[in-house]
Amino acid sequence: MGKSKTYHRKKCLFLFCFLCLLLLILMGRLIDLMIFQADHYSKLATDLHQRERSIKAARGIVYDRNGVKLASNSQVCTISVIHSQIKDPDSIVKLLAEKLNLGEEDIRNKVEKVSSREKIKSNVPKETGDEIRLAHLDGVKVDEDYKRYYPYDDLASKVLGFCGSDNQGIVGLEVTYDEVLSGQPGKILTLTDYKGIEIENAPEERVEPIDGKSLYLSIDVNLQQYAMQAAKKVMKQKEAKSVSIILMNPQNGEIYAMVDLPEYNLNDPFTLNQKTDLKKQDALNQMWRNSCINDTYEPGSTFKIITAAAGLSEGVVGLSDQFSCPGYRIIEDRKIRCHKVGGHGTETFKEGVMNSCNPVFMDVGARLGAKNTYKYWRKLGLFEKTGIDVPGEANSIMHPIKEIKAVELATMSFGQSFQITPLQLLRAASAVVNGGKLVTPHFGIKSVDENTGEETVFPWTEKSGAVSKETSDIMKDVLEAVVSEGTGKNAKIEGYRIGGKTATSQKLPRSAHKYISSFLGFAPADNPIIMGLVLINEPTGIYYGGTIAAPVLKEIFENVLPYMGVKESYVETP
């Protein structure tokens with residue numbers, strides 16, 4: 001009997017100890033939850049009972065070099081519904097269909113969809129959003145938003161690019177500098193019950209967005225407008241397929257203007273600007289394409305600037321060297337003609353440049369040879385992209401050096417049988433006249449945080465030694481003579497020293513007899529601060545670059561040079 005009692009006491013003691021241990025464990029766990037993990041579980045509870053709606057940050061403003069707005073924001077609203085909070089779906093459908101000009105069936109599908117939040121429409125005008133907000137319909141949310149706005153519509157459209165409905169850049173500089181411009185979104189947090197219905201009179205928690213930084217570009221609105229007006233004028237006169245104009249500072253690569261007609265309306269970028277047989281998306285991609293950067297072409301006689309600089313640098317030709325032009329050269333089994341059928345006769349190298357004589361340049365090309373030709377092309381950046389801050393830049397298309405024979409070398413010397421971009425030509429020509437400095441063409445100058453005033457200046461690389469200063473000085477004089485006395489005389493402006501080179505390049509296939517007329521010019525000739533390139537694609541009627549492209553740059557320079565403070569350096573006498 002005593003033994004049985006002892007046994008039961010042991011069992012009770014074991015059970016008591018076990019329960020005490022279990023109680024201690026539970027108390028320890030409770031203390032851990034209530035004290036040490038209180039913040040964690042409080043956050044989980046809050047997250048469970050909070051609804052989050054984002055607030056878009058205002059995208060940074062884009063300015064030209066003088067502080068003129070090129071891209072800004074207009075205030076709009078985003079309309080959405082929260083299914084768990086809707087009490088009168090029929091009223092919501094009716095009101096939103098009326099105010100947003102949408103079909104009732106589409107809205108009802110979204111209203112009845114079981115989801116935490118369903119967007120009905122974005123980029124709604126603020127006035128319409130205010131009207132919907134004042135209706136006080138449960139479950140309908142009207143949040144502030146921003147829509148990109150371009151004050152000048154189509155000005156520099158293929159440079160600036162545009163944003164989508166989410167306010168992210170799609171093409172152009174809006175893509176390149178998206179991280180600078182986009183900012184950081186904020187949010188609105190509201191408390192709800194276990195059903196997801198907002199708790200009445202519960203305070204909202206608001207995290208303010210951080211606006212994007214402003215972006216300052218090298219573009220000058222006035223120069224862009226001058227260039228655009230001139231481009232539109234010649235495009236209409238010559239019924240051309242397209243016209244492109246670039247104005248750049250050859251000393252540092254800052255681009256003052258870039259036109260590529262036809263442009264498109266940045267505030268309506270999904271509407272085609274001309275009829276086409278292409279599919280809609282293909283047509284849009286073509287419309288947004290910037291041929292100054294994205295396309296290559298045979299530069300023709302403007303490229304003689306490069307051949308001349310290479311010949312002078314290598315010492316295979318001098319300004320007074322004598323040449324003979326009978327109107328053609330026989331290269332192997334081919335007869336390659338000069339643009340002057342009867343020939344130029346006997347002429348010096350300088351006169352050959354002024355006359356844009358093909359046989360002279362074929363001779364210089366032969367003296368250089370393929371190896372030295374490519375050596376100077378590399379120095380002048382023609383085998384690499386320029387590094388411009390606009391996406392989609394193309395690169396040159398060149399012969400492998402082992403495939404360059406006498407005929408290829410001859411045609412290459414005057415700008416045929418290879419392809420480069422207009423920007424590559426402009427960059428190389430800039431190096432020829434700026435003392436041999438290979439610059440990086442660019443638009444971005446700096447970003448500015450409007451809240452703190454902090455500025456970030458963008459660095460751009462430069463390489464020296466593309467040509468010598470001596471060669472550069474000689475080329476400036478020669479190219480000034482091209483305008484004052486040679487094929488570029490239609491670009492001559494009384495009182496100003498202008499240098500330049502004309503070109504008329506035949507497009508492929510040659511049998512189509514289609515041309516690109518161009519002129520590359522710079523001023524002042526002795527110390528250039530602006531260089532321009534005009535390209536007229538498939539003009540009708542007269543198509544010679546000296547006849548139709550040179551006057552376009554002359555018209556631009558007549559406006560631009562006084563605006564830039566360039567004074568007349570001499571007055572011509574009759």
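Positions are given from 1 along the sequence.
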Say whether, by atom type as modelled, one donor and one acceptor occur between the side chain of [X] and the main chain of [Y] under 3.5 angstrom.
X	Y	value
S218	I255	yes
K158	D260	yes
D449	E454	no
E263	S157	yes
D211	A58	yes
K121	L100	yes

Go through the side-chain N and O atoms of [X] and [Y] and say whether any donor and acceptor fall under 3.5 Å apart.
X	Y	result
N537	Y515	no
S122	T78	no
N265	D154	no
E393	T386	yes
N109	E105	no
Q224	D64	no
T296	Q419	yes
N249	Y256	yes

Do other residues, nucleotides or ligands put more than 12 heavy atoms under 6.0 Å from [X] [atom1]?
X	atom1	answer
K147	NZ	no
E179	CD	no
K507	NZ	yes
N101	CG	no

Determine the minimum heavy-atom distance between [X] and [Y], stating which atoms define it.
X	Y	result
A97	E104	CB-CG, 3.5 Å
N273	Y264	ND2-CB, 4.0 Å
M248	L426	CB-CD2, 3.9 Å
V259	A231	CG1-CB, 3.9 Å
H442	E254	NE2-CG, 3.4 Å
F383	N395	O-ND2, 3.6 Å

Please state whether the rings of Y226 and Y563 are parallel, tilted or perpendicular, taking 30° and 60° as the class boundaries.
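It falls in the perpendicular class, over 60°.
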
Taking 4.0 angstrom as the limit, do [X] and [Y] come out as a salt bridge?
X	Y	value
R427	E384	yes
D106	K110	no
D220	R65	no

Test log, rule salt bridge (charged side-chain N to carboxylate O under 4.0 Å, His left out), inputs R148 and E174:
CA-CA 10 Å; R148 207 58 161 159; E174 291 278 22; 2.9 Å; yes

Could you give me the CA-CA distance, side-chain angles and deciding distance for L215 and F458, then say whether side chain to side chain contact (heavy atoms under 4.5 Å, CB included) is met?
CA-CA 11 Å; L215 176 65; F458 304 133; 3.6 Å; yes

Is the positively charged end of K446 above the ring of Y216, judged by distance under 6.0 angstrom from the centroid and angle within 45° of the axis?
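Yes; both conditions hold, so K446 lies above the ring face of Y216.
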
Would W460 and F443 count as a close aromatic pair, with their ring centres under 6.0 Å?
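Here the rings of F443 and W460 have centres that are no less than 6.0 Å from each other.
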
